[in-house]
Amino acid sequence: MNLPPLHRAAALGLLAALGLGGVAGCSSADSAPRTAEVRKSAPDVSPAPSGTASATSTSTSTSTDIGWVQLMTPMNQQAVKLLTLAAERAAEPRVRAFAVRLRTGHEAELNRLRPLLTRMGLPLTDVHAGHDMPGMVTEQDLEAAHAAEGPALDRLVLARIRDHLRQSAQVSRSEITAGGRADARELARALVTAREGFLAELERLPGAVRALG
């Protein structure tokens with residue numbers, strides 16, 4: 001995959017793990033909110049067994065962890081917007097039902113991603129706002145979906161959501177292998193499992209052959 005250079009340092013470790021040169025839409029004018037250095041989060045304190053001193057473990061946040069969570073959060077947020085539209089307006093009932101289930105799953109993931117951002121000391125703001133990135137549902141996609149009707153809307157939704165599921169699974173596999181935080185890797189594993197199941201289901205939906213080629 002040939003992609004222009006990404007200048008947000010927080011995502012460099014993730015992209016290096018993927019073997020990508022960068023992500024589309026991130027210009028050299030962008031400034032990183034954090035450096036790509038290895039960072040340490042606040043210690044995670046575990047309950048100590050009876051009669052022993054408190055046990056404290058420190059999680060290390062690498063640039064891969066930072067890049068992954070700061071990318072996955074807005075990817076889910078944007079996908080939820082498209083899925084909400086599909087759940088209300090898709091022509092095919094099975095596509096509407098699929099959109100409802102996938103939206104529910106994505107919202108549950110966001111309920112884990114946002115606290116992870118907080119534990120890592122990262123802002124809840126979208127550092128990739130306005131960027132046209134692989135797998136990201138863009139504002140242009142949402143405008144096109146609002147304008148589409150019937151089977152045309154279904155095809156648009158299926159195509160965009162498939163790209164989203166594939167790309168988010170790909171970057172999450174890199175977090176699993178290259179991430180430094182156990183909690184981030186655990187969430188990435190759950191996300192990959194969910195993506196694989198939804199991708200298989202999506203490709204069996206009515207209109208999928210025409211939409212996906």
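Computation of the quantities below employed the complete heavy-atom set of this structure, encompassing side-chain atoms and omitting hydrogens, waters and symmetry-equivalent molecules.
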Query raised in the report: What are the two closest heavy atoms between Pro74 and Gln70, and how far apart are they?
Result: CD-O, 3.0 Å
Requested in this report: Any chance you could measure Leu199, atom CG, to Ile161, atom CD1, to the nearest 0.5 Å?
Outcome: 10.5 Å
**Report entry** Chi angles and distances behind the side chain to side chain contact (heavy atoms under 4.5 Å, CB included) call for Leu102, Leu202
**Finding:** CA-CA 10 Å; Leu102 184 54; Leu202 183 151; 5.9 Å; no
**Report entry** Set of side-chain contact (heavy atoms from CB on, under 4.5 Å) partners for Leu142, sequence neighbours left out
**Finding:** Gln78, Lys81, Leu82, Val137, Glu139
Query raised in the report: Looking at Gly180 and Thr62, what are the two nearest heavy atoms and their distance?
Result: N-OG1, 3.7 Å
Please tabulate, one pair per line, all N/O donor-acceptor pairs under 3.5 Å involving side-chain atoms of residues 107-117, not counting sequence neighbours.
| unit_1 | atom_1 | unit_2 | atom_2 | d |
| --- | --- | --- | --- | --- |
| Glu109 | OE1 | Asn76 | ND2 | 2.8 |
| Glu109 | OE1 | Arg195 | NH1 | 3.2 |
| Glu109 | OE1 | Arg195 | NH2 | 3.0 |
| Glu109 | OE2 | Arg195 | NH1 | 2.9 |
| Asn111 | ND2 | Glu107 | O | 3.4 |

Query raised in the report: Could you give the distance from CG (Leu83) to OG1 (Thr104), rounded to the nearest 0.5 Å?
Result: 9.5 Å
Query - Residue pairs fulfilling salt bridge (charged side-chain N to carboxylate O under 4.0 Å, His left out) with at least one residue in residues 143-155, sequence neighbours excluded - result: none
Query raised in the report: Can you name the closest pair of heavy atoms from Ala87 and Ala99 and give their distance?
Result: N-CB, 3.7 Å
Requested in this report: Enter the distance from Leu153:CG to Leu85:CG here, rounded to the nearest 0.5 Å.
Outcome: 5.5 Å
Query raised in the report: Yes or no on side chain to side chain contact (heavy atoms under 4.5 Å, CB included) for Arg162 and Arg166, after CA distance, side-chain angles and deciding distance?
Result: CA-CA 6 Å; Arg162 185 198 45 183; Arg166 283 182 168 179; 3.6 Å; yes
Requested in this report: Go through the steps for Met133 and Leu71 under the test side chain to side chain contact (heavy atoms under 4.5 Å, CB included), then give the verdict.
Outcome: CA-CA 9 Å; Met133 306 174 71; Leu71 178 59; 3.5 Å; yes
Report summary line: Residue pairs passing the ring-ring contact (aromatic ring centres under 6.0 Å, His included) test with at least one member in residues 86-123, sequence neighbours excluded, are Phe98-Phe198, His106-His164
Report task. Go through Gln167 and Met136 one step at a time and tell me if the side chain to side chain contact (heavy atoms under 4.5 Å, CB included) criterion holds. Result -> CA-CA 8 Å; Gln167 185 68 17; Met136 184 80 75; over 6 Å; no
Requested in this report: Using modelled atom types only, decide if a donor and an acceptor are shared between the side chain of Thr177 and the backbone of Ser174 within a distance under 3.5 Å.
Outcome: yes
Query - Pairs involving residues 82-99, ordered by first then second residue, that meet salt bridge (charged side-chain N to carboxylate O under 4.0 Å, His left out) (sequence neighbours left out) - result: none
Requested in this report: Could you walk me through whether Arg181 and Asp65 pass salt bridge (charged side-chain N to carboxylate O under 4.0 Å, His left out), step by step?
Outcome: CA-CA 7 Å; Arg181 293 182 62 99; Asp65 300 317; 5.5 Å; no
Report summary line: By salt bridge (Lys or Arg N to Asp or Glu O under 4.0 Å), Arg103 pairs with (sequence neighbours left out) none
Query raised in the report: Could you walk me through whether Trp68 and Ser172 pass the side-chain hydrogen bond (donor to acceptor under 3.5 Å, both in side chains) check?
Result: CA-CA 7 Å; Trp68 178 74; Ser172 295; 3.0 Å; yes
**Report entry** Residue that, paired with Glu175, satisfies side-chain contact (heavy atoms from CB on, under 4.5 Å) out of Met72, Arg185, Arg189
**Finding:** Arg185
